[in-house]
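Notes follow the structure.
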Protein chains: 2
Amino acid sequence: MATLADVARRAGVSPATASRVINGSSKPVADELRERVLRAVAELRYVPNAHAQLLARPQRSVVGVVVHDVSDPYFAEVTRGLQRVATDRGRLVIICNSYRDPERELEYVEMLRGQQVAAIVLAGSGYHDVDFTTRLTEKLAAYEATGGRVAVVGRHEHPGDAVMPANDLGGRLLGEELLRQGHRQIGVIAGPRVLTTITDRLTGLRAALSDAGVPLPEEHLRYADFDRDGGARAAATLLDACPGLTALVALNDSMAVGALALLRQRGVRVPEQVSVVGFDDMPVAADVTPALTTVRLPLVELGARAMTLALDPSAGLSRVEVLPATLVRRESLGPAPR
Amino acid sequence: MATLADVARRAGVSPATASRVINGSSKPVADELRERVLRAVAELRYVPNAHAQLLARPQRSVVGVVVHDVSDPYFAEVTRGLQRVATDRGRLVIICNSYRDPERELEYVEMLRGQQVAAIVLAGSGYHDVDFTTRLTEKLAAYEATGGRVAVVGRHEHPGDAVMPANDLGGRLLGEELLRQGHRQIGVIAGPRVLTTITDRLTGLRAALSDAGVPLPEEHLRYADFDRDGGARAAATLLDACPGLTALVALNDSMAVGALALLRQRGVRVPEQVSVVGFDDMPVAADVTPALTTVRLPLVELGARAMTLALDPSAGLSRVEVLPATLVRRESLGPAPR
DNA sequence: ACGCTTCAGGTAAGCGCTTTCCTGGGCAGC
DNA sequence: GCTGCCCAGGAAAGCGCTTACCTGAAGCGT
């Protein structure tokens, strides 16, 4: 690998001069020398060593992102927003998948710190785990103490800049719509109980129901993996245990799609016999049959705002932005059969 | 940010000793000193500067990946395979989205070179653009000349290690199945004509049709954006121009889903009036209605193999692996109406 | 008791770059 | 014609780390 010294030697100038022309320094360099340096760069196919540059000129420019899984459509969307803003500002992004493993999340924060990233964005639900939360907060604090910036999306337990989807409001909207359609026997297909996102969505849903005096007994609730298959399995056990349900609330669209698949397989008609609603409004929601009634979260915007918070120095106090949830009515929710 | 020198000072040892205990060097260190160093590390929340480490011990450990767009389900899957292998081997991955912009692709290769990555994986269709291809090859050669490893997925124009999905075979499978079902008036919804992937798939399809003496006139072909909306638009113009078509071949599943949406909107029944087939077998393919008949590509495997090639030093000659395409029969393809 | 080896720990060079500070030649001013 | 200034270009320090090499004390044999 050619170094700056090689370039300088070949151009017959000092490394200082070579560096200056390569970086477009403000210091003037005679045209002839500049010409020679540029020629040497091309001939040697010289590319500056980014690490050496970072050491010499500690100008942090890359930002780290920790998500649960980029290939999950939810995070794919959030990441798109994150990337857009980062790219617009000329920042390189390092994406890390925690696969919902708290330990790995901690490791990545450490690693990103070692990479001297300018900012860390943590996207994805927090965990109901005091020990983990404490350790994470501790690590982030250490990072921030040395000038690092942190922004989170969807984690109210972090004491700093945050962008929050209105998960509880979304749950409430769903509950209200279900009631409006006459449903009283409602089953819930929830994701892992350890995720705060689940708790939040559930809280909103519960609030809507209890405001109307409709109970949500514990046996109407199933916790499963936060994906399509988890949704299908939970729907199966739920329906077996409580045959009287007229509606299924899945706490994300992937699970809802799984539930839909199971119902189709069992020959249960949606929404005539059982209604299904989802959450997130993933691109797929409009394309399944029946099209999913769901709650839309501005995912790309969530990512974009988070990156903006991470890159714009905070004024000191922590900024929390809540992005709205809106109900999207399609065909999977109908009036309750009697 | 605490440095190694800070740690050493606080522990009352030399930087060398501190470095040795932190990195678990083979050189023995007295327990008491080791203890003191570890305590200092904890107290100062010291994390080694990865860039300085890289400079001092030029051990390339991260690998760069350039994809068109991670949030596209196709690349989400490929990336998952890529990541799995990389993580298993303790490699960090830098993901770059080119958004199908050749210029950006070139820039990223340059950037990754500067980052001293151990390997570069280029995933995603190549371009029919001689100038671009030349420049890319040139840059990759420069990188490889300095010990960098390169692997590509889905680009036969790169003269090195490559993993190829059997795009042409997939096209052929689709064509044959269509013929078997009696279709003769076939429309094709293609992605951007500049992508080699499109050409390959088209070639296979054409071969199957021409083997059977069935023509594929140019006006039955539409090039559009390689996504859902592009598929919907192309389906619309195609149907308007050629009302006699009995089947639509979309060159990826996203476009197929778009076509399905358009047909539903126009009240055209699938597959009774018009059949639709896709390509890739994205997760969504099974959940749309009617479920998509499509060609499955082992996407995760594609990524995993590519990363393996990239990390295992090549024996010199270039390795090319072709991964098979298989037909997945579902409901969107039926017999041709007469 | 002396010289040797052994080995824990320290010293310092060097990774590739940026940038401050210095140098020396050219020029204007008197 | 000499002094002083300006400025292009170079020398060198230093970013944070690793590691080859050195040092000095302890331990051994004779």
Side-chain angles (χ1 to χ4, degrees), chain A residues 1-38 40-41 44-62 110-111 113-118 146-148, chain B residues 1-38 40-41 44-62 110-111 113-118 146-148:
Chain A
M1 191 85 180
T3 71
L4 184 67
D6 297 332
V7 172
R9 202 169 313 124
R10 177 175 259 255
V13 302
S14 73
T17 302
S19 171
R20 293 199 261 258
V21 357
I22 289 170
N23 297 297
S25 146
S26 59
K27 187 140 187 174
V29 172
D31 284 348
E32 204 225 313
L33 293 195
R34 142 163 302 110
E35 185 54 40
R36 294 218 305 264
V37 170
L38 260 16
V41 165
L44 295 174
R45 292 136 146 195
Y46 170 73
V47 176
N49 181 321
H51 301 289
Q53 281 187 312
L54 241 111
L55 242 205
R57 158 165 36 88
Q59 175 223 88
R60 306 165 159 203
S61 108
V62 359
E110 200 84 346
M111 188 276 290
R113 200 145 90 82
Q115 293 286 333
Q116 314 295 108
V117 297
T146 60
Chain B
M1 193 82 178
T3 71
L4 184 68
D6 297 332
V7 171
R9 203 170 311 123
R10 176 175 261 257
V13 301
S14 74
T17 302
S19 171
R20 293 201 260 257
V21 357
I22 289 170
N23 296 298
S25 144
S26 60
K27 189 140 185 172
V29 173
D31 284 348
E32 204 226 310
L33 294 196
R34 147 165 298 112
E35 183 57 38
R36 293 219 304 265
V37 170
L38 260 16
V41 165
L44 294 174
R45 292 138 144 192
Y46 170 74
V47 176
N49 183 321
H51 302 291
Q53 282 187 311
L54 242 112
L55 242 206
R57 159 166 34 90
Q59 172 224 92
R60 307 164 159 203
S61 111
V62 356
E110 200 84 349
M111 190 276 288
R113 199 145 92 82
Q115 293 287 329
Q116 314 292 112
V117 297
T146 60

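Within every chain, numbering begins at 1; the chains are lettered A, B, ... in the order of the sequence lines, protein sequences first and strands thereafter.
- Shown here for I22(B) and V37(B), the closest heavy-atom pair between the two residues is CG1-CG1, 4.3 Å.
- Put simply, the side chain of H51(A) gets close to the backbone of Q115(B): a donor and an acceptor are under 3.5 Å apart.
- In the helix from dA1(C)-dT30(D) to dC30(C)-dG1(D), the end axes, each obtained as the rotation axis mapping the C1' atoms of four pairs onto the next four within a five-pair block, lie 60° apart to the nearest 10 degrees.
- Counting to the nearest Å, the P atom of dT18(C) and the CG atom of L55(A) are 11 Å from each other.
- Between the C1' atom of dC17(D) and the CG atom of L54(A) lies a distance of 14 Å, rounded to the nearest Å.
- The listed nucleotides are dC17(D), dC15(D), dG9(D); the one nearest the side chain of A56(A) is dC15(D).
- L4(A) approaches P15(A) most closely through the heavy-atom pair CD2-O, 3.7 Å.
- To the nearest 0.5 Å, atom CD of residue Q53(B) and atom OG of residue S19(B) are 8.0 Å apart.
- Taking both residues in full, the closest heavy atoms of V21(A) and L38(A) are given as CG2-CD1, 3.6 Å, listed atom of the first, atom of the second, then distance.
- The side chain of S14(A) approaches dG10(D) more closely than any other nucleotide in the set dG14(D), dG10(D), dG16(D).
- Contacts between residues 5-13 of chain A and DNA chain D, counted as heavy-atom distances below 4.0 Å, involve V13(A).
- Nearest nucleotide to the side chain of L33(A), out of dC17(C), dC17(D), dG9(D): dG9(D).
- Residues from residues 16-28 of chain A placing a heavy atom under 4.0 Å of any atom in DNA chain D, listed by number, are A16(A), T17(A), R20(A), K27(A), P28(A).
- In terms of heavy atoms, A40(A) sits closest to A11(A) at CB-CB, 4.1 Å.
- A donor-acceptor contact shorter than 3.5 Å is absent between the side chain of R60(B) and the backbone of A118(B).
- Considering every non-hydrogen atom in both T3(A) and Y46(A), the closest pair reads C-CE1, 3.5 Å.
- Between H51(A) atom NE2 and dG14(C) atom C1' there is a gap of 17 Å when expressed in whole angstrom units.
- Computed from coordinates, the N49(A) CG to dC15(D) P distance equals 18 Å when rounded to whole Å.
- Here dT18(C) is the nucleotide among dT18(C), dG9(C), dC17(D) with the atom lying nearest to any side-chain atom of R57(A).
- Between the side chain of R34(B) and the backbone N or O of V29(B) there is at least one donor-acceptor pair closer than 3.5 Å.
- Closest to the L4(B) side chain, of the nucleotides dC17(D), dT19(D), dT18(C), is dC17(D).
- In this structure, A18(B) and V13(B) approach most closely via the heavy-atom pair N-CG2, 4.1 Å.
- In this structure, E32(B) atom CD and dG9(C) atom P are separated by 9 Å, rounded to whole Å.
- Using a 4.0 Å cut-off, some side-chain N or O of Q53(B) falls inside it from OP1 or OP2 of dT18(D).
- Put simply, CE on M1(A) and CG on N49(A) are 7.0 Å apart, with the number rounded to the nearest 0.5 Å.
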